[in-house]
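Here the structure comes first, spelled out in structure tokens, and everything after it is commentary.
Both ligands and their constituent atoms are indexed starting at 1 by order of listing.
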Amino acid sequence: MCFGVRDAIALALEHADAGPLTILGDLVHNPTVLGALEAKGIAVAQDVAQVNTQTLMVTAHGTSERTLARTRALGLTVVEATCPLVHVAHRAVTALAGDGYHVVIVGQRDHVEVRGLTGDLDRFDVVLDDEDILALEEHPRIGVAAQTTQAVEKVRRLVGLIRQRFPQSEVRFVDTVCKPTKVRQTAAVEMARQADVVIVVGGRSSNNTRELVKTCARYCRRVHHVQTDADVRPEWFEAADVVGLTAGTSTPDDVIDRVEARIKHVHVQTCQP
Ligand code: SF4
């Protein structure tokens, strides 16, 4: 689990002990962790208007200044768990907009982090694939930043496409993909190259987990995304000598350990005559 998510969970649990708490959006995209928070009585609201507690927590994914202002105007106490590396991305976007660049974010339009990154901008674009680049309009200055959990290889490729599409524009790219994501992606590539089967553990809606799945699938033909050990299927390991295991940044260690134990268990069964 990356430090940003780990610290945010610790902060949520600490504040939940002190009194009723609502988290704005999913703190993490992992059902196991969300279940543990729910068991502690922590509420989740997708919008400030739905909050019924005095204290509101902003997740590791961050939020916009406009949302924070709305929250404070309602008299709510705000607990900030925004990851420092998401703050770095916010500062990059603010600087690009301040320097007169039309901001383009590489990321998922509806992801809470991307909504936070774009929430203070009046004009911006969000792109995720080649088709989105074709839909962009020309601007004299285009400033590109990325959702922190995107695969940096893909981000660089899309920046290249933007440069090709608008040769007359000044295109400035600020790499805001976070270090834990990069380290994990690089390690996953090395692992996937050597593995017959790769298992990626993480929430279905976790962006960095899905990016890990896509990255591994470029180097290994048998890649499976599981949320818990219950999803692991024995037939995946037939004729497999090397099984690679990796996980998204919001996956707790005990969930990964259980998946590993289950893989070993079913692999032994698969190998028995
Ligand atoms: S994935 Fe990166 S940006 Fe997001 S919380 Fe973890 S360290 Fe921070």
Review point. If we ignore angles and hydrogens, is there a donor and acceptor under 3.5 Å between the side chains of Tyr219 and Gln194?
Key: no
Check your understanding: Considering residues, nucleotides and ligands other than Asp254, do more than 12 of their heavy atoms fall under 6.0 Å from its CG?
Key -> yes
Exercise for review: Quick one: closest heavy-atom pair of Ala97 and Leu121, and the distance?
Suggested key: CB-CD2, 3.7 Å
Exercise for review: Check each of Thr148, Thr181, Thr249 against Asn208 using the side chain to side chain donor-acceptor pair (under 3.5 Å) test, and report the only one that passes.
Suggested key: Thr249
Exercise for review: For Leu136 and Arg165, work out which heavy atoms get closest and say how close.
Suggested key: O-NH2, 2.6 Å
Check your understanding: Which one holds for Thr149 and ligand 1: side chain close, backbone close, both close, or neither close, with close meaning a heavy atom under 4.0 Å?
Key -> side chain
Revision key, fill the gap. Given a cut-off of 2.8 Å, the protein N, O or S atoms lying below it from atom 8 (Fe) of ligand 1 are Cys83 SG
Exercise for review: Can you establish whether the number of heavy atoms outside Glu38 located under 6.0 Å from its atom CD is more than 12?
Suggested key: no
